[in-house]
A.B. asks: 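For reference, the structure I am asking about is given below.
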Number of protein chains: 2
Amino acid sequence: MNNLTLRQLTYFEALAHEGHFGRAAERCAISQPALSVQIKDLEESLGFALFERGPRHVRLTALGEAFARRAGDILRAVADMNDWAETAKGGRIERLRLGVIPTIAPYLLPRFISNVTQAYPTIDLHVRETVTPRLITELLDGRLDAAIVALPTDEPALAEMSLFTEEMVLVRPEKDSGAPLVPPNALDEMRLLLLEEGHCFRDQALSFCNISPARPRDGLDGSSLSTLVQMVGAGIGVTLIPDMAVDVETRSAPVCITRFDTPPPTRTVGLVWRKSNPMTDALREIGHIVRGAAQA
Amino acid sequence: MNNLTLRQLTYFEALAHEGHFGRAAERCAISQPALSVQIKDLEESLGFALFERGPRHVRLTALGEAFARRAGDILRAVADMNDWAETAKGGRIERLRLGVIPTIAPYLLPRFISNVTQAYPTIDLHVRETVTPRLITELLDGRLDAAIVALPTDEPALAEMSLFTEEMVLVRPEKDSGAPLVPPNALDEMRLLLLEEGHCFRDQALSFCNISPARPRDGLDGSSLSTLVQMVGAGIGVTLIPDMAVDVETRSAPVCITRFDTPPPTRTVGLVWRKSNPMTDALREIGHIVRGAAQA
DNA sequence: TTGCTGTCATAATTTTTAATTATGAATAAT
DNA sequence: ATTATTCATAATTAAAAATTATGACAGCAA
C-alpha cells in the first residue's frame, strides 16, 4: 500500500513530461513495458489514475497534476541532496567540536583558529574549554569531535597525535631575578602556587616536585595561570607555567622567568579523538595545522 | 552512483534514531543484516560515512547529521504526499474545467455553482463560456474536463449524459400578445432574429423553421439572447429563446412569450466528457447536481 | 469494410536487488 | 580468560524490476 519508490517518481515525471510511454521509457533508458508496469503499480498503490490514456494521447488527470507538483518537489530535494553529497564527500569537515584544556586554550587558540578557518572556509567551529577529565568524557560521549590535551590520556578508545612538547618554567617575583635556581623538590617550601584540582598541569607540577597530590595545600590554589602569575607578582609565592604562556603572562606582572637545568620538566600536548570517528584523516590534517601554528 | 532509494532513507532514519542496528532493524521489521547492508550501500554510494560505529555505540558523524536533516525533509514530503493521496483517492475532484455554451451559461450557472462548491468544498472550478465547436475542441485537447452543451455531439470519443430537455419559445413584441400563434415556417417572414453563426441554438432554430443555414440573413444576427430580446422589444422582429432564459430575459424588455403547440420544439442539454477521463463517476455526480439545479 | 500503424498492456523469462539465516570478528564486561 | 553484545560478511532464497515477445485496440488509409 505505502511503498512508493523514487524510481516510480522518476518514471512518472518522465511520462508526465513526454506524454508518451515509449519516449518516456527511452528518456529513462529502460524498455516501454518496464515503465508501463511501474506507472501502473504506482497508480494502483495510490488508488487513483494519474494519467488519462487515450489512443492518441497520454495526459495527466487533475489528480495527476497535483501529484506532479509534489513529485517534482521531492525529486528536486533528492537532487539537491546528491549535489550536497558530491561536495561533502571531498572529506571536508563540516563541523568541528573541539575541546581544549585551560592551560593551553588562551595561548594556542589565537594562533591557530585563523589557520583552520582559512583551510576550511565553510567549517562550523565550536570550542569548549574545560579540564581534561571532562573533555575525555564528552569526547567518549560524542559531544566533542576532538580535544587538545596533555598526553598521554590512557584511553584505549582514543587516538592520539602529539603536537608539540614544551618546557615548564619557574615564575618568581622580579626581585628574585638574580637568585640561583633551586632544585625542584625545594619549591614546595617557597610556597608553590598551583591550579585547582582537576587541571592536569597541577598534577604534572606536583609530580615534577615530588609532592604528594593528596597533601592539603590551603590558600595556594588559583583558578588560572593568569591568577597564579599575579599572585607571584604580589610576592605570595612562586609557580610553574608552560613555556607557551610566558609571553602573555609575564607582561602584566613584576615577575621573572627561570628555566630548569637539563633535563627540564616538560609536557607533551596532543590532539585526541575517538578511534571510531571516520574522519581520522581530516582530524590529522587539523592536527598538522595546529602543530604548525604552535611552532610559529 | 546516483541510485538513492527511499528505502535507504527510511532505514537510515531508523538507525539515526535508534543508534543501534538491531533495534533499528526491528523497527523497520527486517533483519539486522538487511539494514546493515543497506546502510553500507548508502554510505558507499555517497562516498562518506554517515555513522560512526563503535563497539558500544552507533552515532551520526557530522556529515551524517547534515544528511539526516535533508533525509528527514524528504521523508516528510513523501509522507505528506501519501496523506494527500489517501484523501484524494476518495474519488473527489480537485479541479474541474467546465465549458458551457452561451445560451445556457447565464441562466444555469447561477443555479448550480453553489451546489457544486457545497458538494465539493475544495474544488477549484474554472468555467469557460464559448460555442460548442470550440468547447469540443478544447475538451478533446485536454484543456477542458467536461462541457455542458446541446446533445448530441456526435463525437465518438466523448461520453454524454443528458441533463434536461427544454422547450424553445417564441418571443414577440408586447403588442402582439394577443396575436395568434403562427406556424414555424412562417417565422422567417416576420424577421426572425437569430444568434451569430457557430451557436448551436441558431442551427436548431433554423432547423425547426425549415430555413436553410446557408441563406444570407443580413442584419438579423445578435451576439447574445439578451441582445435578441432587446431587439424584439424594439420592434425589429421576433426570436426564439430556450425556456430557461424566459424569466431573466423578458423582465427587461416589452415582449411577450408564446409557446408552440405540441409537439413543441425542444433541445436536450447534456454534460459531456472524454470517455478516457478516469473520473467518470465523479463527473456523473456533477451531472446529477447540475440536473437537480436545472429542475429547481 | 479490411488491413496497416501507432501505441499501450500483458505474459513469460531473465537479471538485479534485497531479504533471510548462519556465522565470524571485535571488544567490553564479567 | 570467558562470555555476551553487536555489527559485518557470506551463502542462499525471495522479491522486484528489467527484458523480449506478443496481444489488444483505436485511428486511418486504401
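Hydrogens, waters and symmetry mates are skipped; everything else that's a heavy atom, side chains included, is used. Chain letters run A, B, ... following the sequence lines, proteins first, then strands; residues in each count from 1.
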A.B. asks: Can a donor-acceptor pair be found, under 3.5 Å and without considering hydrogens, that links the side chain of A/Arg70 to the backbone of B/Trp84?
C.D. replies: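 Not confirmed, A/Arg70 side chain does not pair with B/Trp84 backbone.
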A.B. asks: Does A/His17 NE2 have over 12 foreign heavy atoms under 6.0 Å away?
C.D. replies: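 Open: at most 12 neighbouring heavy atoms sit under 6.0 Å from NE2 of A/His17.
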A.B. asks: OP1 or OP2 of D/dA8 versus the side-chain N and O atoms of B/Arg53: is any pair under 4.0 Å?
C.D. replies: yes
A.B. asks: Describe the nucleic acid contact of B/Pro33 in one word from base, sugar-phosphate, nothing, applying a heavy-atom distance below 4.0 Å.
C.D. replies: base
A.B. asks: How many whole angstroms separate atom CD of B/Glu52 from atom P of D/dA8?
C.D. replies: 13 Å
A.B. asks: For C/dT20, take OP1 and OP2 only and decide whether either is under 4.0 Å from a side-chain N or O of B/Ser31.
C.D. replies: yes
A.B. asks: Can you check whether any acceptor in the base of C/dA18 is under 3.5 Å from a donor in the side chain of B/Gln38, or vice versa?
C.D. replies: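 Check fails, no donor-acceptor contact within cut-off.
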A.B. asks: Given D/dT19, C/dT20, C/dC8, identify the nucleotide with an atom nearest to the side chain of B/Ala34.
C.D. replies: C/dT20
A.B. asks: Closer than 4.0 Å, any side-chain N/O of B/His20 to the OP1 or OP2 of D/dT5?
C.D. replies: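 False: B/His20 side-chain N/O out of range (4.0 Å or more) of D/dT5 OP1/OP2.
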A.B. asks: Describe the nucleic acid contact of A/Tyr11 in one word from base, sugar-phosphate, nothing, applying a heavy-atom distance below 4.0 Å.
C.D. replies: sugar-phosphate
A.B. asks: Within the structure, does a side-chain N or O atom of A/His57 lie under 4.0 Å from either OP1 or OP2 of C/dC8?
C.D. replies: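 Answer no for this pair, as no side-chain N or O of A/His57 is under 4.0 Å from OP1 or OP2.
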A.B. asks: Check the pair B/Glu13 / B/Arg76 against salt bridge (charged side-chain N to carboxylate O under 4.0 Å, His left out), numbers first and verdict last.
C.D. replies: CA-CA 11 Å; B/Glu13 194 181 51; B/Arg76 225 167 298 119; 5.8 Å; no
A.B. asks: So, is A/Arg7 near the phosphate of D/dA18, with a side-chain N or O under 4.0 Å from OP1 or OP2?
C.D. replies: yes
A.B. asks: Closer to the 5' end of DNA chain D via nearest nucleotide, is it B/Ser36 or B/Pro156?
C.D. replies: B/Ser36
A.B. asks: I want to verify a distance call: between C/dC8, C/dA19, C/dA18, whose nearest atom is closest to the B/Thr5 side chain?
C.D. replies: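 The listed nucleotide nearest to B/Thr5's side chain is C/dA18.
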A.B. asks: Stepwise, does the salt bridge (charged side-chain N to carboxylate O under 4.0 Å, His left out) test hold for A/Glu196 with A/Arg202?
C.D. replies: CA-CA 7 Å; A/Glu196 303 157 327; A/Arg202 169 197 178 93; over 6 Å; no
